[in-house]
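All of these numbers come straight from a predicted model, not from anything done at the bench. In what follows, every chain begins at residue 1, and chains take the letters A, B, ... in the order their sequences are listed. These values consider heavy atoms only, across backbone and side chains, with no hydrogens, waters or symmetry-generated copies.
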There are 2 protein chains.
Amino acid sequence: MTAELAERQIGPGAGRERLRATALDLFTERGVSATSLQMIADAMGVTKAAVYHHYKSKDEIVLAVVRPALEQLMGLVRLAESRRSRAAQVETMIVGLADLIIANRRLYALLQGDPTCTAILQRYPEFPTLGERLVALLAGPDPDPGSVVAAGMLLAGLRGAGSDPRVMVLDDEEFRRYVVGCAHRLMRPRRPASATG
Amino acid sequence: MTAELAERQIGPGAGRERLRATALDLFTERGVSATSLQMIADAMGVTKAAVYHHYKSKDEIVLAVVRPALEQLMGLVRLAESRRSRAAQVETMIVGLADLIIANRRLYALLQGDPTCTAILQRYPEFPTLGERLVALLAGPDPDPGSVVAAGMLLAGLRGAGSDPRVMVLDDEEFRRYVVGCAHRLMRPRRPASATG
DNA sequence: GTCTATATGGCGATAGAC
DNA sequence: GTCTATCGCCATATAGAC
C-alpha cells in the first residue's frame, strides 16, 4: 500500500496533479476558453463537482497549470539580469529558454499564445511585466528595431519549434541543440545599416 | 449621397465589411472562442440578430474573416512550389510570408495560433493540409530535423515579429527588411554535423 | 473525494414584425 | 437591415448527502 502510494502517486494531492495534467492536455489542444470544466471532468472520469473540490474556479486551474513554468521563466529572467555582459545575458536567455521549452514543451504555447491565459495572468498580477523584460534581455537596452523583431520572433517561434512529428521524436539533447542553434542564428548581431544585398 | 457611398463604403456589403473588421479586432484580442456574437454586436452598436443577418453562423464569420489571408497564403504556396530550385523556393516563401504578414499583421496570429480557428478550418476543409506544405517548402523534401525546427520557428515566429510597439511604428518597407533578414538568418543552411563551436 | 441536484446566466441560433 | 422575443443548451459555480 505504501509502495503503491510512492510509485503511482496515489494519495493526498494526486488528484490535483492528475487534474492539472488532464487540464493541460485539453488547454493546449483546444485553448483555455474552448475547454469547459465538463470536458476536464469527463476526461478524468468524474463529475464537475469533483473538479471544483480541488480548485474553486476555472481561473485557479489555469493558474495552477501554468505556475511552474511561469516561475521557471521568472527565475531565468532574474538569472539573466544578473549577468554583467550583454553577450552573457543573451546566451543565458537562449539556453534557459531552450531548457524551459524542453521541460514544458506543450505548456509554453499557453503562456505565449493563449489570449485567455494571458488575460487571467494579468488579472492575478503576481507575475508582473514579464514580456518586456524578456525582450529587453534578448534585444538589449534601447535596442534597434531589427533586434526587437528578432527577439519577438524568437519568443513566439519557440512555440512552433517542437510541434512537428519529426521533431517530437527527437531526444531532449538533440532537440536542444537545434533550438539553441536557431536562436543563435536569429539573434546574431548584424551591422546596423550597410549594404549587404 | 452617391459620393458618400463611394467614399465611406456605405451601401450594400458595407455592413458585412464592418462586421468582419470588428470581428477581427475582437478575435485577435481575445481569441475566437472567447469572443461571443453579443460582443461583436455590442462593438458594432447593433443586436445579435443584426449580426446573424449577415452570416448565418459564428463559423461563417470566422471563415469570412480569415479567408482573404488564407487565399493569399495558398497562392504563395503554389507560387513557391512552381519554383525549380530549392533556393528559389525558400526565397519565394520568405519574401511572400513577409508580404503576407505586412498585409495582415494581426490576422496571421489567428491562422497560426488560434486553436478554435484551426479547428473550424479543418471542419470546412476547403483549405487542405497547408501546414505541411509550408514546412516542406521551407525545409525541403526529406529534411533533416534541424531544418524542420527552423521552419517551425519561422512560421510561428512571424506571429511575434510585429507585436512590439517599437516595431508597430515602423513603415512597411523597413519592417519587411527586418523580417526578411531574420528569416534568412534562421533558414541559412548549416553543415549537418561538424564541429562549429 | 465523489456524488446528485440545482441556481443563474450567457451562449448560438431562429421567428417574425417593422 | 435592424429590431424584440424566445428557444434550447451548456457554461460556471454552489449546496449538501454519502
Margin query: Is there a continuous path of hydrophobic side-chain contacts, each under 4.5 Å between heavy atoms, that joins L130(B) to L79(B)?
Written below: no
Item checked: Proximity to DNA chain D (any heavy atom under 4.0 Å), residues of residues 23-32 of chain A only -> none
For nucleotides 3-7 of chain C, which of its nitrogen or oxygen atoms have a protein nitrogen or oxygen under 3.5 Å away, and what is each distance?
{"from": "dC3(C)", "atom 1": "OP2", "to": "T47(A)", "atom 2": "N", "distance (Å)": "2.6"}
{"from": "dC3(C)", "atom 1": "OP2", "to": "T47(A)", "atom 2": "OG1", "distance (Å)": "2.9"}

Item checked: Sequence-distant partners of E60(A), side-chain hydrogen bond (donor to acceptor under 3.5 Å, both in side chains), two or more places apart -> K56(A)
Check: Could R177(B) and D172(B) be called an ion pair, given the rule that one side-chain N must be under 4.0 Å from one carboxylate O?
Finding: no
Checklist line | Results of side-chain hydrogen bond (donor to acceptor under 3.5 Å, both in side chains) for R67(B) - residues two or more places apart only | finding: E126(B)
Next item on the list: In whole angstrom, give the distance that lies between atom NZ of K56(A) and atom P of dG1(C).
Entry: 16 Å
Table of protein N/O atoms under 3.5 Å from nucleotides 7-10 of chain D N/O atoms:
none

Checklist line | Estimated bend of the helix from dG1(C)-dC18(D) to dC18(C)-dG1(D) (axis per five terminal pairs, rounded to 10 degrees) | finding: 10°
Item checked: Nucleotide dT2(D), atom P - distance to CG of D42(B) in whole Å -> 14 Å
Notebook entry, point to check: Among side-chain atoms of T35(B) and R30(B), is any donor-acceptor pair under 3.5 angstrom?
Noted result: no
Notebook entry, point to check: Does any non-hydrogen side-chain atom of V66(B) lie less than 4.5 Å from one of L24(B)?
Noted result: no
Item checked: dT2(D) OP1/OP2 closer than 4.0 Å to side-chain N/O of H54(B) -> yes
Note to self: In whole Å, I'd like the distance from the CD1 atom of I40(B) to the C1' atom of dG12(C).
What the structure shows: 11 Å
Note to self: Could you tell me if the side chain of L63(B) sits less than 4.5 Å from the side chain of L121(B), heavy atoms only?
What the structure shows: yes
Note to self: With rounding to the nearest 0.5 angstrom, report the CD1 to CD distance, I102(B) to E173(B).
What the structure shows: 7.5 Å
